[in-house]
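So the structure is just underneath, and the comments pick up after that.
None of the values given here were measured: they were computed from a predicted structure. To find a chain, count down the sequence lines: A is the first, B the second, and so on, and within it residues start at 1.
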Amino acid sequence: MEKFSTLSGIAAPMPLVNIDTDMIIPKMFLKTIARSGLGVNLFDEMRFDRQGNEIADFVLNKPAYREASVLVVGDNFGCGSSREHAPWAIADFGIRCIISTSFADIFYNNCFKNGILPIVLPENQRDALMKDSEKGANARIEIDLEAQTVTSSDGDVYTFEVDSFKKHCLMNGLDDIGLTMEKVASIDTYEAQLSVDRPWV
Amino acid sequence: MSPKTLYDKIWDAHVADQSEDGTCLLYIDRHLVHEVTSPQAFEGLRMTGRTVRAPDKTIAVPDHNVPTTLDRANAETMTGDSRVQVDALDKNAKDFGIHYYPVSDVRQGIVHIVGPEQGWTLPGMTVVCGDSHTATHGAFGALAHGIGTSEVEHVLATQTLIQKKSKNMKVEITGKLNPGVTAKDITMSVIGKTGTAGGTGYVIEYFGSAITDLSMEGRMTVCNMSIEGGARAGIIAPDATTYAYCKGRPHAPKGVEWDKAQAWWETLFSDEDAHWDLVVTMKAEDIAPSVTWGTSPEDVLPITSMVPAPESFTGGKVDAVKRALDYMGLTAGQKLTDIKIDTVFIGSCTNGRIEDLRAAAEILKGKKVKDGMRAMVVPGSGLVRAQAEEEGLADIFKDAGFEWRMAGCSMCLAMNPDQLAEGERCASTSNRNFEGRQGYKGRTHLVSPVMAAAAAITGKLTDVRDMM
């Protein structure tokens, strides 16, 4: 997994609430057996018409936001389906950080497995960053995971909370499975006891 | 000992390792797998030379992509990428030696219907699947939730998940449901009250006489949509109804082992003075047959209501409702019962079980689907389908003008050819009314099976109580 330490980038505003994973990556793109190459399909039904032409007023089609690496989004982002294709598509497009007041649980976890940092901020701070991101390509947002800060283009600094284990994994690009394999003795012990306590499992 | 919730008890029984910061390795008792969210996980195992740690606890079934037409046994019916995914699952199940119900097996169906039906899902278990509606299995008093593909790979390789504990939320539905009001209306009403993010960070336990009065099928419907309320999982304590459902299922324990299991299951309830981080209470008598009008499951109202105005909301929801009404082709102030329907879909992991088909058939008996409408029933599993045929339900549906399909997820997410056309409006017993969910620009109204049956007869959203 790609490491995440600091990021300085253009932030694109998507104020709509409840953006679900069906919007992020519609079902027809779930038929792949690969993880890569989904960036071109990100937000497909909002981004392209049925002939495949770009819809001009969709934020990521605007010249200012084509290189965005941060999304500032409405409440409850990533709700619905558990499809990890959503963060795969987001990462493949080049977005490494998403800022909202709340994320759906499964999507939030999926982000950390794919080098994406989801940041939860209070509504007024998210709204301030949303306003900041509306300034376009000249306004860059800075994120420092080590310090747990977001800095707006005007220099306002907001601090955010992140689980210490998730932060450690993201900063070091660690593979969860490899880490768990180091604790295989605990799993062996648990399984031995399980066959005594709950043999029907 | 400090009092515990049911969730606390199941959690504690599954911690294989705990770090100082509270991060746990949670042991997984059952891992359900389907064709769409697993190929990359199996590929990951191959690339790293890892294997499936507990193939005997891993159960796979193709459901999302499979055609539901009667000719699906023909190799040509399932083509292209869908075929590639189903073939990949066939191969992965064989290569890694996991339990498998292929498309040709009568037991094939939606993974969340097959698991309970075959007795894989039992009280007190941890159950995960790369699918958000894994919440369904909470009906058994199991801790069950959806995971992403990276976590699917993690569970395949280690039979554990890295987890931190959620908070406890109590949802109590007191009293007794009125006629025409179902488990679906309970769960939709709860989401209407708490919102789609209301459950974020929580595991919900459902209480109250209206819950314990439900059959296992009804309880599965309630728990299924917990994810639409944002919760990690929904759970209902096991009781005599649960044991009666589980006993005798192919993979349920038998004899002395059953007795030992039940003795433990009977300890699985929330202690009297357990701590709740949040409590929500509703009266069953206040719940009406419900319908969604917008593009989020929280956009729900009793069928007797009118389409709301965007101005009646606050914050970001105002613009979201404007967008939803535009998408849905509805006007504020319009009566819900005036909304004309093109298609009716009965099925899904929310409402594709035998009781759902019985309830819908009861309304449809001797009636006809309105001229010009498309109506289909997609049983949740091959066994549900067989039972419905045996009980004569299939004939009622067919006589009424419904298509009688093979088992699968079908139009709930429209990954297979069962899709809405642009602008087509559907009364659906599924779980999500998102934009494009049932087909590009398709319009979905979520309802219960009896409400779907009523809409099929009249051609518009209808209060089923008027037909009873």
Side-chain angles (χ1 to χ4, degrees), chain A residues 15-18 20-23 26-28 30-35 45-46 50 74-76 79-88 101-110 113-114 123 163-166 175-181 183-184 186-187 189-191 194 197-201, chain B residues 16-17 19 21 23 25 27 29 36-37 39-40 43 48 50 57 65 80-82 84-85 88 122 124-125 130-132 146-151 153-154 157-160 162 164 196-197 200-201 230 232 253 257 260-261 264 296 315-317 319-320 323 413-415 432 434-437 440:
Chain A
L16 187 63
V17 299
N18 295 331
D20 57 70
T21 53
D22 275 85
M23 279 183 180
K27 60 191 146 277
M28 56 276 201
L30 308 190
K31 293 178 189 264
T32 174
I33 55 170
R35 292 174 199 246
E45 290 180 3
M46 303 164 99
R50 285 305 85 189
D75 309 344
N76 196 30
C79 59
S81 162
S82 61
R83 59 188 70 165
E84 198 164 320
H85 308 68
W88 292 339
T101 55
S102 59
F103 293 90
D105 186 43
I106 303 174
F107 176 83
Y108 184 80
N109 285 322
N110 283 343
K113 316 286 185 196
N114 292 283
E123 192 172 353
D163 176 76
S164 55
F165 177 74
K166 287 190 167 80
D175 162 27
D176 278 356
I177 299 176
L179 289 174
T180 299
M181 288 292 196
K183 294 179 175 173
V184 73
S186 301
I187 305 172
T189 307
Y190 182 89
E191 273 183 345
L194 176 66
D197 293 346
R198 297 187 289 129
W200 61 89
V201 173
Chain B
D17 186 85
S19 305
D21 71 346
T23 303
L25 276 184
Y27 193 81
D29 294 332
V36 176
T37 58
Q40 295 86 350
E43 193 53 28
T48 49
R50 289 167 178 150
K57 297 179 172 69
N65 261 318
D81 296 341
S82 296
V84 170
Q85 277 192 334
L122 295 168
M125 282 184 164
D131 188 279
S132 59
I147 54 177
T149 298
S150 295
E151 289 180 317
E153 187 177 339
H154 191 278
T158 70
Q159 205 57 27
T160 64
I162 300 171
K164 270 207 174 146
T196 47
T200 304
R232 165 155 297 184
E257 207 163 79
K260 182 174 173 162
W264 184 59
S296 166
K317 193 70 186 169
D319 284 339
R323 182 184 168 98
L413 85 166
M415 271 193 81
R432 289 189 176 133
F434 296 157
E435 287 181 21
R437 174 76 179 182
Y440 179 71

Region of [X] that comes under 4.5 Å of a non-hydrogen atom in chain A:
X: B/T160; answer: side chain
X: B/S19; answer: side chain
X: B/T196; answer: both
X: B/S150; answer: both
X: B/K57; answer: side chain
X: B/T158; answer: both
X: B/E257; answer: both
X: B/I162; answer: side chain

Portion of [X] that has a non-hydrogen atom of chain B nearer than 4.5 angstrom:
X: A/D197; value: backbone
X: A/P15; value: neither
X: A/E123; value: neither
X: A/L194; value: side chain
X: A/I106; value: side chain
X: A/F107; value: neither
X: A/T189; value: neither
X: A/D176; value: both

Let me confirm one number: the [atom1]-[atom2] distance from [X] to [Y], rounded to the nearest 0.5 Å.
X: A/I33; Y: B/E43; atom1: CD1; atom2: CD; value: 7.0 Å
X: B/R432; Y: A/S81; atom1: CZ; atom2: OG; value: 6.0 Å
X: B/Q40; Y: A/W88; atom1: CD; atom2: CH2; value: 3.5 Å
X: B/S132; Y: A/D105; atom1: OG; atom2: CG; value: 11.0 Å
X: B/K164; Y: A/K166; atom1: NZ; atom2: NZ; value: 7.0 Å
X: A/D20; Y: B/F434; atom1: CG; atom2: CZ; value: 4.0 Å

What closest approach, in Å, do [X] and [Y] show between heavy atoms, and which atom pair accounts for it?
X: A/K31; Y: B/M415; result: NZ-O, 2.5 Å
X: B/P39; Y: A/T32; result: CG-O, 4.4 Å
X: A/I177; Y: B/A157; result: CG2-CB, 3.9 Å

Options [options], ranked by heavy-atom pairs under 4.5 Å with chain A, top entry:
options: B/G230, B/S82, B/A16, B/A88; answer: B/A16
options: B/G80, B/G130, B/A261, B/G124; answer: B/A261
options: B/E151, B/E153, B/R437; answer: B/R437
options: B/D17, B/D131, B/L413, B/I147; answer: B/D17
options: B/D21, B/V84, B/L122; answer: B/D21

Top contributor to chain B contacts, counting heavy-atom pairs under 4.5 Å, from A/A34, A/G178, A/P26: A/A34

Scored by heavy-atom pairs under 4.5 Å with chain B, the best of A/V184, A/L179, A/D175 is A/D175

Treating B/E435 as the side-chain partner and A/M23 as the backbone partner, does any N or O pair qualify as donor plus acceptor under 3.5 Å? no

Evaluate the criterion side-chain contact (heavy atoms from CB on, under 4.5 Å) for residue pair A/K113 and B/H154; output intermediate values, then yes/no. CA-CA 11 Å; A/K113 316 286 185 196; B/H154 191 278; over 6 Å; no

Hey, are A/R198 and B/D29 close enough for a salt bridge, meaning a charged N less than 4.0 Å from a carboxylate O? yes

Step-by-step side-chain contact (heavy atoms from CB on, under 4.5 Å) determination, A/S102 to B/T200: CA-CA 8 Å; A/S102 59; B/T200 304; 5.5 Å; no

Test item: A/L16 and B/D319 side chains (from C-beta on) under 4.5 Å apart, heavy atoms: no

With heavy-atom distances below 4.5 Å as the criterion, would you say the side chains of A/W200 and B/K260 are in contact? yes

